[in-house]
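Chain A is the first sequence line, chain B the second, and so forth, proteins listed ahead of strands; every chain is numbered from 1. Just so it is clear, the values below take in all heavy atoms, side chains as well, and ignore hydrogens, waters and symmetry mates. Everything quoted here is computed from the prediction, not taken from an experiment.
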Amino acid sequence: MSTLSPPLKKNDAESFLKELIDSCKENGFSQLRKTGTENFLKAGLPGRKEEAYKYAPLTSVLNNLGTGKPQSAASPGDALTYLFKDFASGNALSVFLLNGTIIKVPENLPKGLSIVPLEETSPYAKNTGRLSTASSDPLCQLNNSIFSSGLVIHIAKGSSIEKPIVVFNLISSDSPALISSRLLIVAEENTRAGIIEFSDTLRQNHKILSNEVQETFVGKNATLFHYRWQTDCEMGNRINHQLSEIGEKGVYDTMNITTGGTFIRNNLSLFLNGENIEAHLNGFFVGSKNRHVDTRTVVDHLMPRCESFQLYKGIAADKSTGVFNGKIFVRRDAQKTNAYQSSKNMLLGDEATVNAKPELEIYADDVKCSHGSSTGKLNEDALFYLRSRGLGIETARTLLLHAFAGEVFEKIRHEEFKELIIEKIRHIVGGLNTSHAG
Amino acid sequence: MAKSDQILDEHIASEYKYGWFDPIEMDTAPKGLSEDIVRFISAKKNEPAWLLEWRLKAYRHWLTMEEPRHWAHISYPPVNFQDIIYYAAPKKKEGVKSFDEVDPELLKTFEKLGISLEEQKRLVGMESNIAVDAVIDSVSVKTTFKETLAEKGIIFCSFSEAVHEHPELVKKYLGSVVPHTDNFYAALNSAVFSDGSFCYIPKGVRCPMELSTYFRINSAGTGQFERTLIIADEGSYVSYLEGCTAPQRDENQLHAAVVEIVAHKNGEVKYSTVQNWYPGDKDGKGGVYNFVTKRGICLEENAKISWTQVETGSAITWKYPSVILKGDNSVGEFYSVAVTNNMQQADTGTKMIHIGKNTRSTIVSKGISAGKSNNSYRGLVRISRGAKNARNFSQCDSLLMGDKCGAHTFPYIEIKDKSGIVEHEATTSKIGEDQIFYCNQRGIETEKAVALIVNGYCKEVLNQLPMEFAVEARKLLAVSLEGSVG
Amino acid sequence: MSNMLTIENLHAGVPEKKIIKGLSLTVKPGEVHAIMGPNGSGKSTLSSVLAGKEDFEVTAGTVLYEGKDLLEMSPEERAREGVFLAFQYPVEIPGVSNVNFLKTALNEIREHKGLGPIDAAEFLKLIKEKQSLVELQGSLANRSVNEGFSGGEKKRNEIFQMAVLEPRLCILDETDSGLDIDALRIVANGVNKLRSKDRSFIVITHYQRLLDYIVPDVVHVLYDGKIVKSGTKDLALELEAKGYDWIKKEFVEA
């Protein structure tokens, strides 16, 4: 067992990860693991020269990690009292995961819904790796190689799950660790369901990196929403590979909200693999202290007559960094595509940074594609207007920041969650250091 | 769709009207690149030792660099840098004393390009005269109106001449905006550049005429590596035009130029390009590889640099005219139309680097893709920490004609100052069938309608060009897109 | 009777330019003062300075509001003390609902007066009552502040806010600009209903027509940053008849 220590070089990090791979004795999915190992070793750790990781300080993220197995002192009871307990009760189907392993699932699941551990022998697991094997991201391949636990959420053909499935994706370890877990979501044909995921690294005093793969398959005529909210503690770092394939007339709606952690990377790849699909990708982050929030979306229009809508917003305060890198592909066959992407950011900190790279790669001519990106500060005229009506400067700023965020949350299809997030964000933006802003 | 495809295929071979080759007698270096070749070029041009040293430093650095083949959205077979002639000059007749003695073949070349090298031949009634520096392959052959300009203290001459006549200026500014270490092609150019234009506008002078350089690649297997240096001293203004053509050849020709612009306090430079290098045939055979580094620096306050480009030629265009906004209140602009047809590939855009306070930049890019071409906008807007109240607005639009081409947008936006405001908008659309039909119904044939609509689409950019140039650019757009829509 | 507002020898402008050049004005409670003047005379600068916009710098002079130094106060303090500016171009604030905004503002002002926050039902009643004053549709109140409002709706929204917040000194900055005759009548009626013996108005306008509806006690002519002429409402009519050139000529000759 070894622990990395600074100053870290790319080679050290690579040999550390290789040691991790060599010591991996996980069972099952041998083909997936083999491909993952090969692909990772071939590619190596992505450096700053790799376009996809241009703005991500990966080596510093890997600093101080250990190869030891995560052992957690936290119990699900702690988690229960710690997080959103109001939300978890009553009107939701709550699933608790610790480092990717199921701790608790609701006893009486509605008909058509299965929530089981990810095991090769499980009939629900057959799609595992279908998207992640093809990923060009070495870290996704690393997960393919060494993942230690996983969950399957399966919605059987024709089922409508009324209550949201609430996944508490908790991370905890008593020593520095790299945790690799997976989530497989399969919504079969003609289904309706919603997933709300609370991702949290429980408070601790050593560094943790969770490198997780989430594969989602939305079948023909199926509607699925999947909202993720990351509230990791300062020692928490998370790389999430969210790979989704949507079928004909499918509707997929996802949102990533980041208000915690030190290094957060959200990799979303969406394959629109049928006609008349509707996809919504939204996101919001709040950056404070040294937080780095890095979002990369790839929306791949493979078939005609699909629509995709993206809205990503962020507020960068203190020394934080926000990165948005969004790509829309429109393949030759994907005529009549409508694709929109918007990224809007606000800088509050003197040492904050925002990098945006909204890309279009278009090979079909009868399409409507556009993107817009804007970055700026609080609107001074609006601030003055509010003050001239008697609002104090802090109240006015909070109101404007909250309104800025609100545009994203308006898109949430679950009222209770919408109310919760709007209320929590009000406190979060209200607590930001804006004393020099405006 | 099928019908339009058919018509598209039928018409796709639009003729390149500058594709002749002139049998001018040339003085050339042997193929390939080595320190000896660098020394040969320097010796041919009778250069001072410092410049040879500068070239050699660049050459040695180039040897350590890798050809950038991965990040740009272009693909082409590796260039064999040992298979290129790095120096070719029209042979001077002994003791040419007047313009009349210049090789008549050479004069014909420029006449075919529609460029008059005879000052008296100016069109009557044309208000703005154009002073021309003509560059064939590696050397400047003629600069017009030199004396008129000299009266105002303006220096406009070939680069080689500037090295001898104004070494202090060349020494001061050469490599100050694009250092030899900047990129692979800039390093190559620094080692082997042959000629180009040099322009200096003294304090407070507004240049009374457009300054223009026409570049033409003529010889086979020759690379063209020209170097242009423009300096606008305090409070001066100049508008500079650049035009390019090359003969039709089966093999690819390499063009790797460097343009450096320095604008001092209150100085302004407007740089316009109509690039019409041979684009290759409809199957992608031949054509110029255009790997160009163009950059300007607004060195002091209130300086302004404006790039306008109409790119219709080249098999491959790799070009990012940029502005470093160092002085407070300085302004950078980039207006671009890039048209690709057949198998052409363009990866072009700009960089706006905001360093000074209250700096402003505007980017307007119009990409038009037809045939099987790929057209990419790639741009960087960087607001450095401390660049208070910097503003950028970017608009990048792509137009697709036919379903075999690609239109791409890769903007990089990096903001490190919270007082900065950056806005970027991009759209992709096709030419409206209803628009074409409307024109048809009014009696305008489709081809003309396309030209009309495309010209309208590019208006914002074309309006930035000086009048004579705008007319040429409009015609060129129409020609480049002939047969691209059914 | 003590003065509500006393401006003495006010000089103000932006760093590169002086705009207000020695302006003096006294407004008593209950009075309506009209300030007229050609474009560029400093009308809007005056309203911005009174509201505390930081873009403008006061280089000399004093402004006393109810005996207190107005220039020392932050924009929100001025608002809480009862100074209200109806903006010429009210800014759009996406995402902030009109109702939420107004409730926050009202509660800030109430807190300043030592009152507790307004009860929700009471607030709704207040909103309804005041909306009818300017014939503002109920649905507008639920939209974002000024977003997607027509020019007329924006101006009516300003007067509506004025009615809710009950200021003592109201500054109307070219409230008539961009209004058709019906909207002008509605806005003016709203203002007239708000007139009272202890509320004063400064009505800034380019044209006389607004003054047909809001009849002023005093009319001032602002030219080149100074008040060059003051008189009764007849002065406005005279201006309308003779045009601003008359003033310019007279002023330059004087």
Side chain, backbone, both or neither: which part of B:Asn389 has an atom under 4.5 Å from a heavy atom of chain A?
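Side chain of B:Asn389 only, per the 4.5 Å heavy-atom cut-off to chain A.
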Chain A contact via B:Asn374 - side chain, backbone, both or neither, heavy atoms under 4.5 Å
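For B:Asn374, side-chain heavy atoms alone lie under 4.5 Å from chain A.
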Applying salt bridge (charged side-chain N to carboxylate O under 4.0 Å, His left out), which residue pairs with at least one partner in residues 305-316 of chain A are found, sequence neighbours left out?
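Output for this query lists A:Glu275-A:Arg305, A:Lys313-A:Glu407.
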Any pair with a residue in residues 325-334 of chain A that passes salt bridge (charged side-chain N to carboxylate O under 4.0 Å, His left out), sequence neighbours left out, goes on the list, sorted by first then second residue, please.
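Those involving residues 325-334 of chain A are A:Asp300-A:Arg331, A:Lys327-A:Glu359, A:Lys327-A:Glu361.
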Mind ranking A:Val367, A:Asn355, A:Val323, A:Asn345 by heavy-atom pairs under 4.5 Å with chain B and telling me who comes out on top?
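Ranked by contacts with chain B, first place is A:Asn355.
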If you count heavy-atom pairs under 4.5 Å between each of A:Ala352, A:Ala364, A:Gly372 and chain B, which one has the most?
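Top count of heavy-atom pairs under 4.5 Å with chain B: A:Ala352.
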Side chain to side chain contact (heavy atoms under 4.5 Å, CB included) between A:Ser288 and A:Ser320, worked out:
CA-CA 5 Å; A:Ser288 58; A:Ser320 68; 5.7 Å; no
When heavy-atom pairs shorter than 4.5 Å are enumerated against chain A, which of [options] gives the highest number?
options                                : result
B:Val422, B:Ile421, B:Leu399, B:Thr427 : B:Val422
B:Leu380, B:Thr409, B:Asp417           : B:Thr409
B:Arg382, B:Glu423, B:Lys416           : B:Lys416
B:Ser429, B:Gly420, B:Ala407           : B:Ala407

Side chains of [X] and [Y]: donor-acceptor distance under 3.5 Å anywhere?
X        : Y        : answer
A:Asn256 : A:Tyr312 : no
A:Asp294 : A:His292 : yes
B:Ser361 : B:His354 : yes
A:Asp137 : A:Asn267 : yes

Measure A:Phe324 against the heavy atoms of chain B and call it side chain, backbone, both or neither at under 4.5 Å.
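For A:Phe324, no heavy atom lies under 4.5 Å from chain B.
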